[in-house]
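I have placed the structure first, in the form of structure tokens, so that the comments after it can refer back to it.
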Number of protein chains: 2
Amino acid sequence: MAGERAASWQSIRDTIMLRIRDRTYPPGELIPNEADIAAEFGCARATVNRALRDLAEEGFLDRRRKAGTRVIEAPQRKATLEIPQIRREVEARGQVYGYRLLARATGPAPEEVRARLKLPEAEATLYLESLHLADGEAHMFEQRWVVLRTVPGIASADLAAVSPNEWLVREAPYTHGGIACHAEPAGQAAAAALGCAPADPVLVMERQTWLHEAPITYVREHFAQSYRLCLGL
Amino acid sequence: MAGERAASWQSIRDTIMLRIRDRTYPPGELIPNEADIAAEFGCARATVNRALRDLAEEGFLDRRRKAGTRVIEAPQRKATLEIPQIRREVEARGQVYGYRLLARATGPAPEEVRARLKLPEAEATLYLESLHLADGEAHMFEQRWVVLRTVPGIASADLAAVSPNEWLVREAPYTHGGIACHAEPAGQAAAAALGCAPADPVLVMERQTWLHEAPITYVREHFAQSYRLCLGL
DNA sequence: TTGATTATTATGTGCAGACATATAATCTCG
DNA sequence: CGAGATTATATGTCTGCACATAATAATCAA
């Protein structure tokens with residue numbers, strides 16, 4: 001009668017999580033419905049709903065109307081990557097960030113890039129080649145194509161002062177995109193920029209972004225061998 | 001005045017999102033408080049709260065008590081990686097998954113691994129070396145250390161039949177972990193397993209997991225050069 | 001002037017009740 | 001027996017209200 005503080009949705013979530021881990025609620029099985037759990041904790045159903053919704057968003061529960069709430073068998077755990085904003089990364093390490101625009105051209109994009117962005121053959125793009133430095137050392141070499149029809153403003157941007165990524169982050173929000181990473185030999189251009197041998201391994205991160213159906217940009221970022229791409233959780 | 005359906009939290013979220021994109025609510029600025037927005041949409045404050053909370057979780061808004069709700073300047077967009085479960089990936093592509101345990105040993109872990117998992121010098125670990133195949137082709141080579149004190153059950157698992165990762169996913173849930181990716185030359189062991197040259201680039205994904213304070217496992221996964229690590233959003 | 005105290009305010013969370021909606025389970029009819 | 005209509009049920013969402021909590025702003029005392 002004394003203590004009995006109202007249960008918070010977090011405490012309910014944590015309790016349920018423990019029961020999942022210690023298999024009180026075994027993988028694949030149904031757990032009690034919201035009303036019953038609410039009764040157990042002496043709280044409103046909305047509070048239980050909040051707790052279970054949170055666990056479902058994290059991927060531990062599968063909830064379906066009428067069917068009930070089920071413990072996911074092999075939870076597909078997710079890691080999150082904060083899309084690298086090079087300047088921030090470098091400065092966060094206390095190093096001096098530097099940036100150089102190596103090349104700039106306007107014209108149609110090569111076949112491979114057009115395919116990725118689903119561009120018609122004649123579509124005009126801005127091609128940019130740039131190098132990002134940390135304490136004067138080459139850190140990342142990027143090749144980027146920007147679709148001028150979607151982001152006309154970039155044509156008049158001072159890209160010698162602001163890196164294309166920073167400009168786009170500020171001026172051209174995207175609705176969705178994709179990222180793929182792989183390892184490959186640096187090749188001529190990247191090797192020259194990064195100061196390594198053409199056969200040396202580099203981590204390549206390819207990214208594309210769209211604003212609804214309109215393609216914005218495709219970029220290939222080449223990271224020096226020492227770079228670690230870190231993801232959380 | 002006919003239509004006037006009750007506003008759903010999703011529709012409110014979408015409307016606010018539009019206003020962020022078209023800079024009706026400019027970056028860095030405060031947006032109206034919940035009560036005002038609720039009045040505008042003719043709904044309860046809780047509904048607005050749900051909408052704004054969602055946008056805050058996605059990283060577009062910064063909410064603080066008393067201070068109000070502010071549009072984030074340069075939203076740090078996040079990509080999510082579904083931690084690869086090789087069997088699933090391979091089978092999802094319609095290929096036949098194969099797995100071979102190449103080596104197994106018990107003993108103390110090397111200095112570098114101990115440091116990562118913060119292990120005392122004498123801690124007993126299970127070392128596993130395995131190869132994952134797609135349609136008979138080498139796909140990924142992994143070196144793994146498992147802390148026996150945390151997961152004693154793995155000592156008696158049939159790891160020739162079930163890959164260590166699958167066993168751990170099912171039997172040893174973790175509370176947190178870390179992932180780092182980089183490119184490096186394959187080296188002797190990986191080259192032999194993957195059937196490439198020791199100097200060929202491979203994508204290395206290092207992962208560690210913990211159950212609260214107890215270290216579970218550290219793994220180095222070497223992916224053949226053709227592999228693409230794909231992240232969403 | 002400065003430091004501590006108090007008021008104000010916007011968000012965070014809780015409750016009870018109602019209705020909406022998806023869907024598993026059942027029933028009905030050919 | 002099978003297809004289609006119906007029902008029951010668990011979750012999803014909304015409302016209106018209340019109080020909690022964090023953090024700024026205002027006030028007051030030394």
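Throughout, protein chains are lettered first and strands after them, A, B, ... in sequence-line order, and every chain is numbered starting at 1. The analysis underlying the following values was restricted to heavy atoms, covering all of them including side chains, and did not include hydrogens, waters or symmetry mates.
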Inset, instruction - Would you indicate what B:A35 reaches in the nucleic acid, counting non-hydrogen atoms under 4.0 angstrom: base, sugar-phosphate, or nothing? - result: nothing

Inset, instruction - Quick one: label B:R64 by what it contacts on the DNA or RNA (base, sugar-phosphate, nothing), any heavy atom closer than 4.0 Å. - result: sugar-phosphate

Listed nucleotide nearest any side-chain atom of [X], set [options]:
X     : options                : answer
A:W9  : C:dG14, D:dC14, C:dC15 : C:dG14
A:A67 : C:dA24, D:dT11, C:dT11 : C:dA24
A:K66 : D:dA8, C:dA18, D:dT15  : D:dA8
A:A44 : C:dC15, C:dT11, D:dT15 : C:dC15

Legend entry - Phosphate contact (D:dT15 OP1 or OP2) by B:T47 side-chain N/O below 4.0 Å: yes

Legend entry - Side-chain N,O (B:Q10) to OP1/OP2 (D:dG12) below 4.0 Å: no

Legend entry - Distance-only donor-acceptor test, A:R50 side-chain atoms vs C:dG12 base atoms, 3.5 Å: no

Inset, instruction - Look at the side chain of B:R65 against the base of C:dT13 and say whether a donor-acceptor pair falls under 3.5 Å; ignore hydrogens and angles. - result: no

Rounded off to whole Å, could you give me the [atom1]-to-[atom2] distance for the [X] and [N] pair?
X     : N      : atom1 : atom2 : answer
B:R53 : C:dT11 : CZ    : P     : 13 Å
B:R13 : D:dC14 : CZ    : P     : 11 Å
A:I37 : D:dT11 : CD1   : P     : 8 Å
B:I31 : C:dT11 : CD1   : C1'   : 12 Å
A:I12 : C:dC15 : CD1   : P     : 8 Å
B:R45 : C:dC15 : CZ    : C1'   : 14 Å
B:D62 : C:dA10 : CG    : P     : 16 Å
B:N49 : D:dT15 : CG    : P     : 13 Å

Inset, instruction - Salt-bridge test for B:R88 and B:E82: reply yes if a basic N is under 4.0 Å from a carboxylate O, no otherwise. - result: no

Inset, instruction - Report the relative orientation of the aromatic rings in B:H176 and B:W210; use parallel for angles under 30°, tilted for 30 to 60°, perpendicular for over 60°. - result: parallel

Inset, instruction - Report the distance from atom CD of B:Q143 to atom CD of B:E206, rounding to the nearest 0.5 Å. - result: 10.5 Å

